[in-house]
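What follows is one structure encoded as structure tokens, with my remarks underneath.
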Protein chains: 2
Amino acid sequence: MRVRTSEALRREIEDDIEHGRLSPGDKLDEQTLAERFEVSRTPAREALLQLAAAGIVRLVPRQGAVVSSVSPQLAIGMVEVLTALEAEAAGLAARRMTSIEKAQLAKLHLASQAAVKRLDSPAYIKNNAAFHAAIYDGARNEFLAEQIRTTRLRMRFYHRSSLYQPARLKASFQEHARVTEAIKSGDEALAQQLMRDHILFGGRVFADLIANLTNRKP
Amino acid sequence: MRVRTSEALRREIEDDIEHGRLSPGDKLDEQTLAERFEVSRTPAREALLQLAAAGIVRLVPRQGAVVSSVSPQLAIGMVEVLTALEAEAAGLAARRMTSIEKAQLAKLHLASQAAVKRLDSPAYIKNNAAFHAAIYDGARNEFLAEQIRTTRLRMRFYHRSSLYQPARLKASFQEHARVTEAIKSGDEALAQQLMRDHILFGGRVFADLIANLTNRKP
DNA sequence: ATGATCTTCTATGTATACATAAGGGAACCA
DNA sequence: TGGTTCCCTTATGTATACATAGAAGATCAT
């Protein structure tokens, strides 16, 4: 086998969580996982260990693994960290992007206008991802990009994008416009501040959602 | 056995790296680890998996594990991320600390003065850790604190604290004073900015060190 | 009937066995 | 002498076997 089996299992389980087939609190036992993927317990166990290291599942000794749940407190914490990281990326991008890259970023931004007009959330979500990815590239910091990716992945397990709300979608586009301008003009502090506001807005929706979920079933 | 064996091994190996008994690039094979700790290959292997998930070692399929090396690029990246996170913590602390906590922070800061006067780096390093820990507490964000802890741990593998330099030690104390003032007055933006400068200074020493190391043996 | 204690049973943690891919060395050829 | 190919060794990846800690259930006493 070319790829590591445990790696494949890990991705499958992540996918299950992301698509709601597994929910926070669900128990994952090694035997069942092994049977499901038709492997022995060893790779199943190793997949769980990797998930635990990433914080996706909680591994209680002698009690197996459960899908991590997110407290409102943790949700807010993640939003705050993501905000700081995204803002840093925007600031660095303002400093480091070439004029060619800045022009491309502006182009990416404009390309999303069509999706906004049609209120086409799935399309805009793709545009949005491309826009932010361009900023990560421009920041010239792989480690930062990786930290953002991990944090976002972990958040994605628990919420649908706020961009499914038409109001949020329109606001997002406006905010992107201002961020693009700030980066274009090389204004590091402004780019940071604008990105901070941008992420915080979307993040609040996430934190509110978690708070509601938790209140409902205590 | 009460604790997980692989967990214990992981800590031992981390310790080895931190204290220089293992260097970046060193190979870690499962058999040798197992023999050294007098366990079977299974826990040894699981420890390596956990270290790999944390980025401490690199795990190449069919080729075993090597202690991760840090490129100058990665070193700079880590400093930038740490800067953003520490700044965020300081800003949040400025907003959220009670006046009692603020007074305690000021007290912690003053307590480090003696170590500065004696140029006692080990003592100051302890004071420094307590000072920063108080800020993490005040930020009311466990997730942020954990991210900072992880990043710092990973950096600590590769450098001695810049606080062993007398000049840096004195400067650190002055910077702490300004940060303390900003937090006391609840000035979020200023606290962020001052902490940013503070971390960046120390971080540059780290990045320079890595750059030099890499240039020497290419 | 309720609680406590004991027993049983299951799933985890560890060890060991087996399969296989990658690397190294030897031999052979040019 | 240099290079290529083949084989062998070794370490990783996976499977299986065994030990044991906890959980669940049953039994008994109050």
Side-chain angles (χ1 to χ4, degrees), chain A residues 1-17 21-69 154 157 217-218, chain B residues 1-17 21-69 154 157 217-218:
Chain A
M1 222 170 272
R2 190 122 205 115
V3 195
R4 225 210 283 304
T5 309
S6 63
E7 198 78 8
L9 296 202
R10 186 176 63 73
R11 285 182 187 278
E12 287 281 344
I13 297 167
E14 280 182 358
D15 207 61
D16 279 356
I17 298 173
R21 290 187 291 274
L22 280 173
S23 300
D26 285 0
K27 212 171 169 239
L28 290 168
D29 70 299
E30 300 172 357
Q31 195 112 324
T32 309
L33 281 174
E35 281 167 18
R36 179 173 150 207
F37 294 106
E38 298 183 313
V39 292
S40 80
R41 261 182 60 221
T42 308
R45 181 181 171 76
E46 294 187 347
L48 287 179
L49 274 171
Q50 289 178 59
L51 288 166
I56 311 291
V57 305
R58 217 157 41 87
L59 215 53
V60 190
R62 285 274 165 203
Q63 283 189 231
V66 294
V67 179
S68 298
S69 54
R154 199 156 157 204
F157 289 155
K217 39 177 180 178
Chain B
M1 222 170 273
R2 190 123 204 114
V3 196
R4 223 208 283 306
T5 310
S6 63
E7 198 78 8
L9 296 202
R10 187 177 62 73
R11 285 182 187 278
E12 285 282 345
I13 297 168
E14 280 182 358
D15 208 60
D16 280 356
I17 298 173
R21 291 188 289 276
L22 281 172
S23 301
D26 285 0
K27 211 171 170 240
L28 290 167
D29 70 298
E30 300 171 0
Q31 195 113 324
T32 309
L33 282 174
E35 280 166 19
R36 179 174 148 205
F37 295 104
E38 297 182 314
V39 292
S40 79
R41 261 183 58 221
T42 308
R45 181 182 171 76
E46 293 187 348
L48 287 178
L49 275 171
Q50 289 179 57
L51 288 167
I56 311 291
V57 306
R58 217 156 39 85
L59 215 55
V60 189
R62 286 274 164 204
Q63 283 189 231
V66 294
V67 179
S68 298
S69 52
R154 199 155 157 204
F157 289 155
K217 38 177 181 179

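Proteins come first, then strands; the chains are lettered A, B, ... in the order of their sequence lines, and each starts at number 1. Keep in mind that this is a model prediction, so the values were computed, not measured.
The shortest side-chain heavy-atom distance between B/Q50 and B/E7 falls under the 4.5 Å cut-off. In this structure the side chain of A/L33 reaches within 4.5 angstrom of the side chain of A/I13, judged on heavy atoms. Inter-residue side-chain proximity for B/L28 and B/L22 is flagged as met; some heavy-atom pair is nearer than 4.5 Å. Within the 4.5 Å cutoff, side-chain heavy atoms of A/R21 are placed close to those of A/D15.
A/E35 has its CD atom 18 Å from the P atom of D/dT14, to the nearest Å. A straight line from CG of B/L28 to P of D/dA11 spans 14 Å, rounded to a whole angstrom. Taking atom CD of residue A/E46 and atom P of nucleotide C/dT12, one finds them 15 Å apart after rounding to whole Å. Here D/dT16 presents its C1' atom at 14 Å from CZ of B/R41, a figure rounded to the nearest Å. Put simply, CZ on A/R45 is 8 Å from P on C/dT12, counting in whole angstrom units. One can place CG of B/L49 at 13 Å from C1' of D/dT14, the figure rounded to the nearest angstrom.
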Taking N or O atoms only and anything under 3.5 Å, show me the protein contacts with nucleotides 8-11 of chain C, one pair per line.
none

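Here the options are A/L51, A/L49, A/T5, A/L48, the test is side-chain contact (heavy atoms from CB on, under 4.5 Å), and the partner is A/R10; only A/L51 passes.
Taking every side-chain heavy atom of A/T42 into account, D/dA15 is the closest of C/dT14, D/dT12, D/dA15. Among D/dT14, D/dA17, C/dA15, the nucleotide with an atom closest to any side-chain atom of A/P43 is D/dT14.
Side-chain nitrogen and oxygen atoms of B/T5 include at least one within less than 4.0 Å of the OP1 or OP2 phosphate oxygen of C/dT14. Between A/R4 and D/dG13 there is a side-chain N or O to OP1 or OP2 distance below 4.0 Å.
Taking OG from A/S40 and CD from A/Q31, the interatomic distance works out to 10.5 Å, rounded to the nearest 0.5 Å.
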